[in-house]
Amino acid sequence: MSVREIGSAIRAARRRYQLTQEQLAELAGTSTRTIREIEHGTGSTGIGTVAAVAGTVGLTIGIVE
């Protein structure tokens with residue numbers, strides 16, 4: 001799964017829960033800018049933060065080695 005696909009999945013889940021980016025950022029303990037970057041697949045957000053945000057909306061990110 002690409003970075004953009006992960007971001008799209010997080011955006012879809014956020015919308016399903018009817019959360020704004022600001023609300024998700026607060027729940028996940030991060031900034032609105034970070035949420036925006038994750039959803040658009042830009043920036044250099046670490047995988048731990050992405051996984052935490054995903055978990056906030058009920059998603060998990062699997063890592064394949």
Side-chain angles (χ1 to χ4, degrees):
M1 188 173 242
S2 75
V3 172
R4 287 188 187 260
E5 289 171 322
I6 292 169
S8 292
I10 290 172
R11 180 184 312 114
R14 174 180 61 78
R15 289 179 175 167
R16 205 170 31 253
Y17 285 105
Q18 299 180 339
L19 295 170
T20 65
Q21 288 180 336
E22 292 81 8
Q23 290 168 324
L24 177 55
E26 185 174 332
L27 289 170
T30 192
S31 69
T32 303
R33 180 180 179 159
T34 296
I35 299 300
R36 190 174 308 115
E37 289 176 351
I38 290 169
E39 289 187 357
H40 291 270
T42 61
S44 58
T45 305
I47 190 66
T49 301
V50 174
V53 170
T56 302
V57 289
L59 301 176
T60 58
I61 297 176
I63 306 296
V64 178
E65 295 185 29

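Nothing fancy with the numbering, it's 1 onward along the sequence.
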### Task
Using the side-chain contact (heavy atoms from CB on, under 4.5 Å) rule, take Glu26 and Gln23 through it: C-alpha gap first, then chi angles, then the decisive distance, then the call.
CA-CA 5 Å; Glu26 185 174 332; Gln23 290 168 324; 5.8 Å; no
### Query
Would Val3 end up clustered with Leu24 when hydrophobic side chains under 4.5 Å apart are linked, directly or stepwise?
no
### Query
Rounded to the nearest 0.5 Å, how far does CD of Gln21 lie from CZ of Arg33?
13.0 Å
### Donor-acceptor contact present, side-chain Thr34 to main-chain Thr30, <3.5 Å
no
### Query
Rounded to the nearest 0.5 Å, what separation is found between the NE2 atom of His40 and the CZ atom of Arg4?
9.5 Å
### OG1 on Thr56 to OH on Tyr17, rounded to 0.5 Å
10.5 Å
### Query
Are Ile61 and Ile35 connected, step by step, through hydrophobic side chains (Ile, Leu, Val, Met, Phe, Trp, Tyr) whose heavy atoms are closer than 4.5 Å?
yes
### Task
Kindly indicate whether the side chain of Glu39, heavy atoms from C-beta on, has any atom under 4.5 Å from the side chain of Arg14.
yes
### Worked check of side-chain contact (heavy atoms from CB on, under 4.5 Å) between Ile10 and Val50
CA-CA 9 Å; Ile10 290 172; Val50 174; 4.2 Å; yes
### Query
Do you know the tightest heavy-atom contact between Ala9 and Leu59?
O-CD1, 3.6 Å
### Task
Mind checking the CD-OG1 spacing from Glu37 to Thr42? Nearest 0.5 Å is all I need.
5.0 Å
## Note on the structure
Rounded to the nearest 0.5 Å, the OG1 atom of Thr49 sits from the CD1 atom of Ile38 at a distance of 6.5 Å
### Query
Just by distance, do the side chain of Glu5 and the backbone of Ser2 share a donor-acceptor pair under 3.5 Å?
yes
